[in-house]
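See below for the structure under consideration.
Here is the naming used below: chain letters follow the sequence lines, and residue numbers restart at 1 for every chain. Note that the structure is predicted; figures quoted are calculated from it, not measured.
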Number of protein chains: 4
Amino acid sequence: MSAGSGGFRQPGRPRSDRIHEAILDATLELLREAGFSGLAIESVATRAGVGKATIYRRWTSKLPLVIEAMQRIPEIPTPDTGSIADDLTEVLRSSIDVLRSTPLAHVLPSLVGERNRDPELSEALDGFVAERRKPLLRMLERAVERGELPPDADLELGVDLILGPFVVRLFFTAGPVDPDLVQPIVEAVIRGLGGAVEQRR
Amino acid sequence: MSAGSGGFRQPGRPRSDRIHEAILDATLELLREAGFSGLAIESVATRAGVGKATIYRRWTSKLPLVIEAMQRIPEIPTPDTGSIADDLTEVLRSSIDVLRSTPLAHVLPSLVGERNRDPELSEALDGFVAERRKPLLRMLERAVERGELPPDADLELGVDLILGPFVVRLFFTAGPVDPDLVQPIVEAVIRGLGGAVEQRR
Amino acid sequence: MSAGSGGFRQPGRPRSDRIHEAILDATLELLREAGFSGLAIESVATRAGVGKATIYRRWTSKLPLVIEAMQRIPEIPTPDTGSIADDLTEVLRSSIDVLRSTPLAHVLPSLVGERNRDPELSEALDGFVAERRKPLLRMLERAVERGELPPDADLELGVDLILGPFVVRLFFTAGPVDPDLVQPIVEAVIRGLGGAVEQRR
Amino acid sequence: MSAGSGGFRQPGRPRSDRIHEAILDATLELLREAGFSGLAIESVATRAGVGKATIYRRWTSKLPLVIEAMQRIPEIPTPDTGSIADDLTEVLRSSIDVLRSTPLAHVLPSLVGERNRDPELSEALDGFVAERRKPLLRMLERAVERGELPPDADLELGVDLILGPFVVRLFFTAGPVDPDLVQPIVEAVIRGLGGAVEQRR
DNA sequence: CAGTAATCGAGACGGTACGTCCCGTCTTTAT
DNA sequence: ATAAAGACGGGACGTACCGTCTCGATTACTG
């Protein structure tokens, strides 16, 4: 019953799911505190109350452990309100929520800082980033279909324009990301891509 | 006479400028190769052909060494062509040159990745970033004075919009930064801030 | 059952006896080559094919390591032939053997040279020396009981007289200790303590 | 005027005798405190208020410096009372005085401990020791001439017997050397060499 | 329900870099 | 030329983790 796809049950004591979770939890905690480079497997083991070998039995190195831990961070839901301004506002607001409620704001710069030295990490990050860009791109495409943006708008650049101010603040100014930024960014991006900004209030 | 402001010369053998340079050179080289966290003082010493003590005599830790090394990266000259479009094009082009000809593109993400764990580094980076934002801001202010941008434009956001796409590509896409990006960005930023983009060619 | 006095077994991998031995062997070898002050823990680690931490896990510093290494040098067996002359001859001959077959002749002066700066070493040496003096003293006591030496003989001085020429040669003349010295010393010591020396051959 | 044997005056500033003395004084002090191996030229320089180069300009290494410093320790005067017992008593008493009033008791074991690793030091010590043995040997020869000792007495062994108990105490027991030891040693040595000990008191 | 075998916590293992200290040499200005 | 001061390249110090290994104990399924 517990065996997945018609496979045989392995002999011996099965790996504990509770331990798996405990390790991933400890990893996220310590990633936030010490960053990727400062993350010591030894500390993860201690924090999780686990032997080092138990970690190395499941993950070959620090990187896949961190990647699996990061996958526990929720994706941002893609809204579809029928208005590009509202869609953007909504998606940026929930992004800010995620940045505030998860270690992402601390973990991401740390991983980015190591990417040049680790092709595997680089690839993993590419995937992570691509997955978060895709919904934004689709959102802009729908805006073009609705006629809110001109058909020749450079949508990849649009995604860059949306993310840019956040990334700049996240990476360069380090301060907390402010929800007040959302409205001005939304308007600037839409205008920048050739769309019209309706007057609100 | 040789002492500047009424100071006396220190007794003993003076510290060698050539060694100082050699250490900073080795630091930049190794920063590019191994990043901030992977940078070993021991390797810097070996690469520079210097004893470890010689390094610790000048810098208390890895961080101030790296900060001083980074200050050798040239600042971007601020153009003043009379047109915001030309100014921006010029300044972005020379930024790309700097990113290509110095280890900055490798060093910066690495430092940013550590900033959350090191207030001193954070402060140093703030200074570094502020100094590169200032000329861009002044450029936008001149555009407002000339009437190229509306007087109520959010210029800080403007700087974010300019830097954003570069930073996104530098940190998230890791690939080389392409000069072809300049023109679209310039136009989107000007439009985004409420300015008019003249038709070229 | 294997635990002696009701003790429990320690968790974790037990320390290896083979490694313990290898470290002590390397220590004795290097003590002979470089002396106490020239003995580098780093060299012991290299010679024993062991990490430095493995040494520091067992011994807090160079000194206790050296002391334990020295305890591997065999004690001299105490003969009991019924004749003080024969006893002395025998014990001095085996002492010479030990001096020749172990690093003792090199290690001892080196340790003695450091004793004034290290109370712990001083104590350890006192123990070492006392243990080697005791059998000699008992030998002399038996000679008094048998009437070979006068009852008021100063036996502690006797031990000094026996050891003296060896020590003088070992420490001051540095050359190898000659077994030909034994006979004259034995006769001089017995006469010096007031005993009679029978004519041999 | 200051130039010695018809030589020309050296150009430049002459070496200061006061500095020379200060260095040797500091050397003896520190030898006593730290032993030969623990003696740091750096400390000698600091203690003497002198630059390190000033020391290296006069002595090629630690050893010749120590040797010259040791030569400031006075030799023991050789008595000639006409009685071997009195001669020995006298010479041992003044030896004890020297051991008490100079750093010799601390310096000697330290040097002896290094001799196996330094042929030059070994040679220097041989000379030092030979010079102190010679008067004792001559003293014993006069005793043979006077008939106090048998003509076939092994006088080198005699010297060993005299020095032995002192050396044993100095090197092995570390305690202060007691003048009360003198009388018993003298009697044992004379008897040991085949001489007669007259009853005193 | 004993036997089998992989997992578990613990921690020893060989190794590498840390930041400090002192070595013996070199380089500066002042005497 | 010698002096004090102290920078220099080098090497060992004792510490902290790395990733691997070896222990006894635990845990599930098998026969």
Checklist outcome for this item: Looking only at heavy atoms, the pair that brings D/M70 and D/L104 closest together is CE-CD1, 4.0 Å
Item to check | Closest non-hydrogen atom pair, A/A26 against A/R47 | outcome: CB-CG, 3.6 Å
Report the nucleotide, chosen from [options], that has the shortest atom-to-atom distance to any side-chain atom of [X].
{"X": "D/E42", "options": "E/dT7, E/dC22, F/dC18", "value": "E/dC22"}
{"X": "C/K52", "options": "F/dG9, E/dG19, F/dC13", "value": "F/dC13"}
{"X": "A/I19", "options": "F/dG14, E/dG9, F/dC18", "value": "E/dG9"}
{"X": "B/R13", "options": "F/dG14, E/dA10, F/dA7", "value": "F/dA7"}
{"X": "D/A40", "options": "F/dG19, E/dC22, F/dG14", "value": "E/dC22"}
{"X": "A/R15", "options": "E/dC8, F/dA3, E/dG14", "value": "E/dC8"}
{"X": "C/A53", "options": "F/dA25, F/dA3, E/dG15", "value": "E/dG15"}

Item to check | Under 4.0 angstrom between C/T54 side-chain N/O and E/dG14 OP1 or OP2 | outcome: yes
Checklist entry - Just to confirm, is there a sub-4.0 Å distance from OP1 or OP2 of E/dA6 to any side-chain nitrogen or oxygen of A/R57? => result no
Checklist outcome for this item: Sorted by position of nearest nucleotide on DNA chain F, 5' first, the leading residue of B/G12 and A/L39 is B/G12
Next on the checklist: Between D/T27 and D/V66 (side chain of the first, backbone of the second, donor and acceptor by atom type, cut-off under 3.5 Å), is there such a pair?
Outcome noted: no
Next on the checklist: Between C/A48 and B/S61, which residue's closest nucleotide on DNA chain E lies nearer the 5′ terminus?
Outcome noted: C/A48
Checklist outcome for this item: Assign each of C/P14 and B/Y56 the nucleotide of DNA chain E bearing its closest heavy atom; nearer the 5' end lies the nucleotide of C/P14
Next on the checklist: Under 4.0 Å, counting only non-hydrogen atoms across every strand here, what does D/R58 touch: a base, just sugar-phosphate, or nothing?
Outcome noted: sugar-phosphate
Checklist entry - If you look at every strand shown and take non-hydrogen atoms under 4.0 Å, does D/S43 touch a base, only sugar-phosphate, or nothing? => result nothing
Item to check | Nearest-angstrom distance from the residue atom CG of A/L65 to P of F/dG19 | outcome: 11 Å
Checklist entry - If you measure from CD1 on B/I23 to CH2 on B/W59, what distance do you get to the nearest 0.5 Å? => result 4.5 Å
Checklist entry - Taking atom types as modelled, is there a side-chain donor on B/R58 or B/H20 under 3.5 Å from an acceptor on the other? => result yes
